[in-house]
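Quick notes on the structure that follows.
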Amino acid sequence: MATIGAIFRAVRRPLSGKVDVVVVGAGAAGIAAARLCLAKGLSLAVLEARDRVGGRAVTAEFGGHAIDLGAHWLHAGRLNPLVRLGFARGEPLRRAPRDGPVLVNGQFRGRAERRAHGEAFERADRAFAAASREADDRSLASAFPPLGMWGRPAEATFALVSGRPLEEVSVKDFPSDEFGDNYFLRGGYGTYLARLAAGLPVALGCPVRTIDWSGQGVSVETSAGRIEAGAAIVTAPLPVLAGGGLRFTPDLPHDLAAAIAGFLPGTYEHVVLNWPEGPFRAPDRLAKLVGQRDSHGMLTCIDRAPFHYLEMDHATVASLAGRDREALGRLAREILVGHFGRGVLRSLRVIAVTDWVGDPWSRTAWAVAPPGHAGARDVLTRPVGDRIWLAGEANVRAMWGTVGGAWDSGEEAATAVAERLRPAV
Ligand SMILES: Cc1cc2nc3c(=O)[nH]c(=O)nc-3n(C[C@H](O)[C@H](O)[C@H](O)COP(=O)(O)OP(=O)(O)OC[C@H]3O[C@@H](n4cnc5c(N)ncnc54)[C@H](O)[C@@H]3O)c2cc1C
């Protein structure tokens, strides 16, 4: 499996002694921050732990097809800065279909049932939206309305896209359908981000160990030496920070450390399938598979190819904790056999199973605010000593947990840093 992002090679540069800004991490937030810092005339070093750019957006190649192993949807088209930028650049964007097949125990359901299923989602969405406007920060589960036979599938889908069971998610944070105006991009989201990173001064394979902010600026210790800067924009995912994957001297202020520690790591894993004889034909449809016990989402015929994602939620992945990595792939096959019979196995191949929660540089798909913790997103945006800014998917209220949100957050941090370092610019 080749990582397509790697062909847009970032510039490997030795770390110089001093720059205006160090950006930690070359995912969406880091790339956005770096581009804006450069545009504002600041000198810059981007330090990336992995051997590639893109972070949780990375595209791999299978048999000549581009498949995203992380982010794939450009959510919230009206709000998403990467949709705007993509159109301006002439990127191959296409609108994602809004409806898809609904299968109950392997049977495709007709139009009336699909409509009833869609209406159940809209009812849940309205109930969540109303509860999110109340002063009380309670769980999504507590606001879930009665939805009859579609209640369980709707709950499973909301839990999947939330990254945790609904009891563990703040109602202030729900993934609203009003953001459902989605796009895809031919060739993959990861490849798009890699294109946006082309030419940036990124040092790859360069994990940052410590940021010392006891002096005037910051002193950043990496595996490849030390670099000094006036300010740092840190985009490492929250569980990496909470787990000591990057340390600060002195420690981060107590309220910020508590805000970071209070988020839950969300889970969302793709099982990538090559299934040329699968029953799905129309491209890019999100199919709902409702079985005896469980409900799963499946993106079908990605980019018109015989590739599909079966999406795995937190509960499913947690139930296999401690088992080998192939367990998730075996489970995907069992789920599909349960729906379509053993004959499906003839042409079904599990091509890849992601492990973002196990990855030391992500530890999560995205950060989830549990009930009572939604306000902590604002705490994350406060600068530390006027020289360290955190940025990333966790730092935004709208579009939290997404690439577009991370991009916005990176640009906000870069704007603040530029104002701080060059007040006259
Ligand atoms: C399977 C999956 C599917 C998803 N689907 C979608 C989707 O369809 N649409 C969507 O919008 N979002 C989706 N997301 C979420 C989206 O991928 C993230 O919200 C977004 O990519 C986060 O960007 P970021 O810049 O905040 O963090 P990251 O992309 O994680 O970037 C942080 C960077 O920091 C680096 N780093 C970490 N620690 C260090 C260190 N100590 N030193 C140096 N570098 C370090 C990491 O290697 C990484 O490159 C999905 C996520 C997953 C896992």
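Note that these values count all heavy atoms, side chains included, but never hydrogens, waters or copies made by symmetry.
- Looking only at atom types and distance, the side chain of Thr381 has no donor-acceptor partner in the side chain of Asn395 under 3.5 Å away.
- Applying the side-chain hydrogen bond (donor to acceptor under 3.5 Å, both in side chains) criterion to Thr316, with sequence neighbours excluded, gives Asp313.
- Distance CG/Leu328 to CE/Met312: 4.5 Å, rounded to 0.5 Å.
- To the nearest 0.5 angstrom, Asp136 atom CG is 7.5 Å from Ser142 atom OG.
- Ring geometry for Trp73 against Phe184 counts as tilted: the plane angle lies between 30° and 60°, on a 0 to 90° scale.
- For Phe340 and Trp275, the gap between ring centers is short of 6.0 Å.
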Name the atoms and distances for all side-chain donor-acceptor pairs under 3.5 Å in residues 154-161, with sequence neighbours left out.
{"unit_1": "Thr157", "atom_1": "OG1", "unit_2": "Pro153", "atom_2": "O", "d": "3.0"}

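- The existence of a salt bridge linking Asp284 and Arg94 is confirmed by a sub-4.0 Å separation between a basic side-chain nitrogen and an acidic carboxylate oxygen.
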Report task. Before giving the answer on side-chain contact (heavy atoms from CB on, under 4.5 Å), spell out for Val272 and Val353 the whole-Å C-alpha distance, their side-chain angles and the decisive distance to 0.1 Å. Result -> CA-CA 6 Å; Val272 184; Val353 177; over 6 Å; no
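- Summarising the geometry, atom CG belonging to Asn80 is positioned 5.0 Å from atom CE belonging to Met399; distances are rounded to the nearest 0.5 Å.
- Ion pair Arg95/Asp181 flagged as a salt bridge, since at least one NZ, NE, NH1 or NH2 atom sits closer than 4.0 Å to an Asp/Glu carboxylate oxygen.
- Applying the side chain to side chain contact (heavy atoms under 4.5 Å, CB included) criterion to Pro101, with sequence neighbours excluded, gives Leu103, Phe108, Phe280, Arg285, Ala287.
- Here His72 and Tyr189 keep their ring centres 6.0 angstrom or further from each other.
- The distance from the CG atom of Leu331 to the CD atom of Glu326 is 13.0 Å, given to the nearest 0.5 Å.
- Partners of Arg35 according to the side-chain hydrogen bond (donor to acceptor under 3.5 Å, both in side chains) rule, which considers only residues two or more places apart in sequence or in another chain, do not exist here.
- Under a cut-off of 6.0 angstrom, the local environment of CZ in Arg349 is sparse, with at most 12 non-hydrogen atoms contributed by other residues, nucleotides or ligands.
- In this structure, Tyr183 and Phe87 have perpendicular ring planes: the angle between them is above 60°, well past the 30° mark.
- Residues satisfying the side chain to side chain contact (heavy atoms under 4.5 Å, CB included) test with Pro165, not counting sequence neighbours, are Glu167, Glu168, His314.
- In this structure, OG1 in Thr191 is found 11.5 Å from CZ in Arg186, a value given to the nearest 0.5 Å.
- Residues Arg195 and Glu91 are paired through a salt bridge, judged by an N-O separation under 4.0 Å between the basic side chain and the carboxylate.
- Annotation for Arg247: atom CZ does not count as buried by contact number, only 12 or fewer foreign heavy atoms lying within 6.0 Å.
- Around atom CZ of Arg397, more than 12 heavy atoms belonging to other residues, nucleotides or ligands sit under 6.0 Å away.
- The two residues Ala26 and Ile31 come nearest to each other via the heavy atoms O-CD1, 3.6 Å.
- Few gaps surround CZ on Arg281; more than 12 heavy atoms of other groups in view lie less than 6.0 Å from it.
- Other residues, nucleotides and ligands contribute over 12 non-hydrogen atoms within 6.0 Å of the CD atom of Glu134.
- His296 and Glu311 form no side-chain donor-acceptor contact under 3.5 Å, judged by distance and modelled atom types alone.
- Salt-bridge formation is detected for the pair Arg382/Asp255: a Lys NZ or Arg NE/NH1/NH2 atom is positioned less than 4.0 Å from an Asp or Glu carboxylate oxygen.
- Side-chain contact check for Glu269 versus Asp355: some heavy-atom pair is nearer than 4.5 Å.
- Note: Glu411 CD to Cys37 SG = 10.5 Å, rounded to the nearest 0.5 Å.
- Here the side chains of Leu74 and Tyr192 are in contact, with some heavy-atom distance below 4.5 Å.
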**Report entry** Check against side-chain contact (heavy atoms from CB on, under 4.5 Å), Val271 and Tyr309
**Finding:** CA-CA 5 Å; Val271 177; Tyr309 301 131; over 6 Å; no
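- Every side chain to side chain contact (heavy atoms under 4.5 Å, CB included) that Leu246 has, sequence neighbours left out, goes to Val24, Val208, Ile211, Val234, Ala236, Leu241, Phe248.
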